[in-house]
Amino acid sequence: MAIANSDMRLVIAGAGGRMGRTLIHAIAATKGVTLAGAIEAAGSAVIGRDTGELAGLGANGIKVVSDAAPLLKSADGLIEFTLPAATLALAELSANAGIVHVIGTTGHSAVEEAVIAKAASHAPMVKSGNMSLGVNLLAALVKRVAQTLGEDYDIEILEMHHNKKIDAPSGTALMFGRAAAQGRQLNLDARSARGRDGMTGARKAGDIGFASLRGGTVVGDHSVIFAGPAERIELTHRAEDRMIFARGALHAALWARGKKPGLYSMADVLGLMDF
């Protein structure tokens with residue numbers, strides 16, 4: 001493992017995807033970090049490809065491989081935007097290696113979340129529904145507004161993403177929902193309204209509603225609406241480039257270096273836990 005004052009050696013999982021390629025770009029442009037390896041699922045068309053060429057940077061000599069374990073043994077951290085099942089396998093490997101693991105993957109079940117939390121008892125892991133610094137600041141604001149306004153202000157969360165996204169509501173929308181629920185001391189699972197069709201009846205006071213739109217190449221738009229008597233408060237974030245998520249993930253990795261094992265969030269990284 002590299003010494004503490006050297007560049008942080010990072011492995012990227014899901015290197016062939018949109019976020020993987022963006023992360024390779026971000027690492028090349030960021031001081032204090034270096035690309036130590038890249039992983040893709042066995043059978044991927046990018047296995048064996050040069051990561052620099054894959055990301056449009058020119059050859060860098062680092063090839064995409066499918067075997068993560070050898071790379072992680074000599075790395076300081078792993079960043080992954082993959083699939084829920086892949087996160088579980090990678091979390092076990094990160095725990096065994098005792099390295100930083102930044103999880104940008106969304107859509108995990110409650111059982112999968114528990115597996116990740118167990119793995120985090122052996123290594124520092126940062127997990128967030130969104131790695132954007134702006135989104136995480138907005139989540140803190142959502143919590144504060146929900147805490148301040150009473151149930152006569154209905155909470156609705158609207159999100160839109162590109163037509164290739166496979167989970168809904170988005171991890172970011174759920175993060176905003178959890179923030180609002182915490183502000184009102186509610187159980188989000190019990191008070192979510194995620195599907196309205198036909199004769200649904202009047203809206204239940206205190207529920208937190210979700211609506212998901214899919215289309216085109218939208219990187220990610222989110223709005224949290226507090227609809228009260230004769231007025232609305234809308235908190236909105238629009239992502240224009242995936243680079244904001246990559247920069248946030250690198251920020252999280254550098255923050256987590258040297259931290260004790262545990263499951264952290266971007267609120268921890270940004271010091272927003274008491275906001």
Side-chain angles (χ1 to χ4, degrees), residues 103-110 113 126-163 165-216 218-241 244-245 248 252 263-275:
I103 303 170
T105 304
T106 61
H108 296 102
S109 68
E113 295 279 7
V126 181
K127 186 177 187 300
S128 178
N130 191 302
M131 291 291 166
S132 158
L133 306 185
V135 160
N136 283 277
L137 178 58
L138 191 61
L141 293 173
V142 168
K143 179 180 178 181
R144 177 61 61 88
V145 174
Q147 185 178 35
T148 301
L149 300 177
E151 283 196 356
D152 53 339
Y153 284 79
D154 299 318
I155 302 174
E156 293 287 323
I157 300 171
L158 174 66
E159 56 101 345
M160 182 170 185
H161 284 82
H162 54 87
N163 56 22
K165 187 167 179 61
I166 62 174
D167 58 312
S170 69
T172 304
L174 292 173
M175 183 169 73
F176 287 147
R178 285 191 291 271
Q182 289 169 4
R184 293 210 172 154
Q185 298 183 331
L186 299 174
N187 181 328
L188 181 63
D189 291 336
R191 303 302 296 271
S192 291
R194 301 192 186 181
R196 297 182 178 121
D197 185 25
M199 297 295 292
T200 61
R203 189 189 197 283
K204 294 180 181 178
D207 277 1
I208 297 175
F210 292 85
S212 298
L213 308 179
R214 297 289 178 265
V218 178
V219 174
D221 290 354
H222 294 84
S223 291
V224 182
I225 303 165
F226 295 84
E231 66 175 353
R232 291 193 309 276
I233 300 168
E234 299 185 12
L235 303 177
T236 297
H237 182 276
R238 292 186 175 91
E240 299 176 355
D241 192 319
I244 65 172
F245 310 132
L263 185 58
Y264 301 97
S265 69
M266 285 299 286
D268 293 304
V269 174
L270 299 175
L272 297 172
M273 294 303 292
D274 297 324
F275 186 86

When rounded to the nearest 0.5 Å, the distance separating CZ of Phe245 from CE of Met131 is 11.0 Å

Subject >> Any side-chain heavy-atom pair of Leu213 and Leu158 under 4.5 Å >> reply: yes

For residues 145-155, the salt bridge (charged side-chain N to carboxylate O under 4.0 Å, His left out) pairs (sequence neighbours left out) are Asp154-Arg203

Between Leu188 and Gln182, does the side-chain contact (heavy atoms from CB on, under 4.5 Å) criterion hold? Intermediate values first, please. CA-CA 8 Å; Leu188 181 63; Gln182 289 169 4; over 6 Å; no

Inset, instruction - Show your reasoning for whether side-chain contact (heavy atoms from CB on, under 4.5 Å) applies to His237 and Leu137. - result: CA-CA 10 Å; His237 182 276; Leu137 178 58; over 6 Å; no

Tightest non-hydrogen contact, residues Arg238 and Thr236, listed as NH1-CG2, 3.6 Å

(request) Answer yes or no: is there a side-chain heavy-atom contact under 4.5 Å between Ile157 and Pro169? (result) no

Here the pair of heavy atoms bringing Ile155 nearest to Ala146 is CD1-CB, 4.2 Å

Heavy-atom closest pair (Ser192 atom, Phe210 atom, distance to 0.1 Å) is OG-CE1, 3.7 Å

Margin query: Closer than 3.5 angstrom, by distance alone: can the side chain of Glu159 be matched with the main-chain N or O of Ser170 as a donor-acceptor pair?
Written below: yes

side-chain contact (heavy atoms from CB on, under 4.5 Å) test vs Arg144 passes for just one of Leu141, Thr148, Val142, namely Thr148

Residues passing the ring pair (Phe, Tyr, Trp, His ring centres under 6.0 Å) test with Tyr153, sequence neighbours excluded, are none

d(Ser212 OG, His161 NE2) to nearest 0.5 Å is 9.0 Å

Query - Flag, side chain of Arg191 to backbone of Ile208, donor-acceptor distance under 3.5 Å - result: no

Residues Gly206 and Leu186: closest non-hydrogen pair is O-CD1, 3.5 Å

Across all chains, not counting sequence neighbours, the side-chain contact (heavy atoms from CB on, under 4.5 Å) partners of Thr200 are Arg196

- request: Output yes when a side-chain donor or acceptor of Asp268 lies under 3.5 Å from a complementary backbone atom of Ser265, and no otherwise.
  value: yes

The reported gap from CG in Leu149 to CD1 in Ile233 (rounded to nearest 0.5 angstrom) is 5.0 Å

Residues at least two apart in sequence or cross-chain that pass salt bridge (Lys or Arg N to Asp or Glu O under 4.0 Å) with Glu234, listed by chain then number, are Arg232

By salt bridge (Lys or Arg N to Asp or Glu O under 4.0 Å), Arg178 pairs with (sequence neighbours left out) none

Sorted by chain and residue number, the salt bridge (Lys or Arg N to Asp or Glu O under 4.0 Å) partners of Lys165 (sequence neighbours excluded) come out as Asp167

The reported gap from CG in Asp207 to CD in Glu156 (rounded to nearest 0.5 angstrom) is 9.0 Å

CZ (Arg214) and CE (Met160) are apart, to the nearest 0.5 Å, by 9.0 Å

dist Leu138:CG -> Lys143:NZ (nearest 0.5 Å) comes out at 14.5 Å

Here the pair of heavy atoms bringing Asn130 nearest to Met266 is O-CG, 4.0 Å

Closest non-hydrogen atoms of Arg184 and Gly150, given as atom of the first, atom of the second and distance, are NH2-O, 2.8 Å

